[in-house]
Amino acid sequence: GTFACDNAQGTRRFSTIDDQGDPGYDTAIAVGGGIPIVTYHSGTGPLKAALLCGNECSDDDGTVIERGSANARVIVTVVGAKDDDTGYNSAVAIPTGGTPYIAYRDAVNKSLRLIHCANRSCSKHDDPVILAPMSGVTDAPFRLLVKRCGAGLVVSEMIASQAMIR
């Protein structure tokens, strides 16, 4: 796949992110702190993430490709995505000041997976997500679905305290 960004002069630059295998299936992109991350499936192998960090790449992100150039990037296999059929239909979101969340389809286990990356390149991930109590939302079927998607802790919906004492 390729990416294009406007530089300070307003001209476009195009770069190849990954040319190994047949990359670019089910691509998603999000930007956090001005640095984009792209998730994609390569046609063979599991889900990958490319951090397009340019001159801001660090060793904490992973192995830097083209270090010292504006096209520097880190490509990782997303931790938790192990089989060839994991990683399709990915989506990525980055909360303000946080690290990415990636959702993807695991065709091997026939499930929807959600991981929270421990670093910005997603070479490491945290424990699964905790579902917050939400009145009228977190009923039993919803909690079961979220648990199947990898949440570490689910809780019942909020209830009015007056209803409890009656």
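Count residues from 1 along the sequence.
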Of the non-hydrogen atoms in [X] and [Y], which two are nearest, and what is the gap between them?
X: R120; Y: P100; result: O-CG, 3.8 Å
X: I37; Y: A49; result: CD1-CB, 4.1 Å
X: V64; Y: A72; result: CG1-CB, 4.0 Å
X: V74; Y: G62; result: CG1-CA, 4.0 Å
X: S90; Y: Y40; result: OG-N, 4.5 Å
X: P36; Y: G34; result: CD-O, 3.7 Å

(message) Donor-acceptor check, side chain of N119 to backbone of D60, threshold 3.5 angstrom: yes or no?
(response)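 Yes; judged by distance alone, with no hydrogens or angles, the pair exists.
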Spacing of [atom1] belonging to [X] relative to [atom2] belonging to [Y], to within rounding of 0.5 Å:
X: L52; Y: C57; atom1: CG; atom2: SG; answer: 8.5 Å
X: C117; Y: I94; atom1: SG; atom2: CD1; answer: 8.5 Å
X: I102; Y: H116; atom1: CD1; atom2: NE2; answer: 10.0 Å

(request) Could you tell me whether the side chain of L47 reaches within less than 4.5 Å of the side chain of T39, counting heavy atoms only? (result)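 The answer is yes, as the side chains (C-beta and beyond) meet within the 4.5 Å cut-off.
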(message) Can you confirm whether E66 is buried at CD, in the sense that more than 12 heavy atoms of other residues, nucleotides or ligands lie under 6.0 Å from that atom?
(response)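 Above 12, so yes.
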(message) Assess whether a salt bridge exists between R73 and D61, defined as any Lys/Arg side-chain N lying under 4.0 Å from an Asp/Glu carboxylate O.
(response)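 Salt bridge flag = no for D61 with R73.
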(request) Begin with the C-alpha distance, continue with both residues' side-chain angles, and end with the deciding distance and a verdict on side-chain contact (heavy atoms from CB on, under 4.5 Å) for R67 and D59. (result) CA-CA 10 Å; R67 183 183 294 275; D59 291 331; 2.5 Å; yes
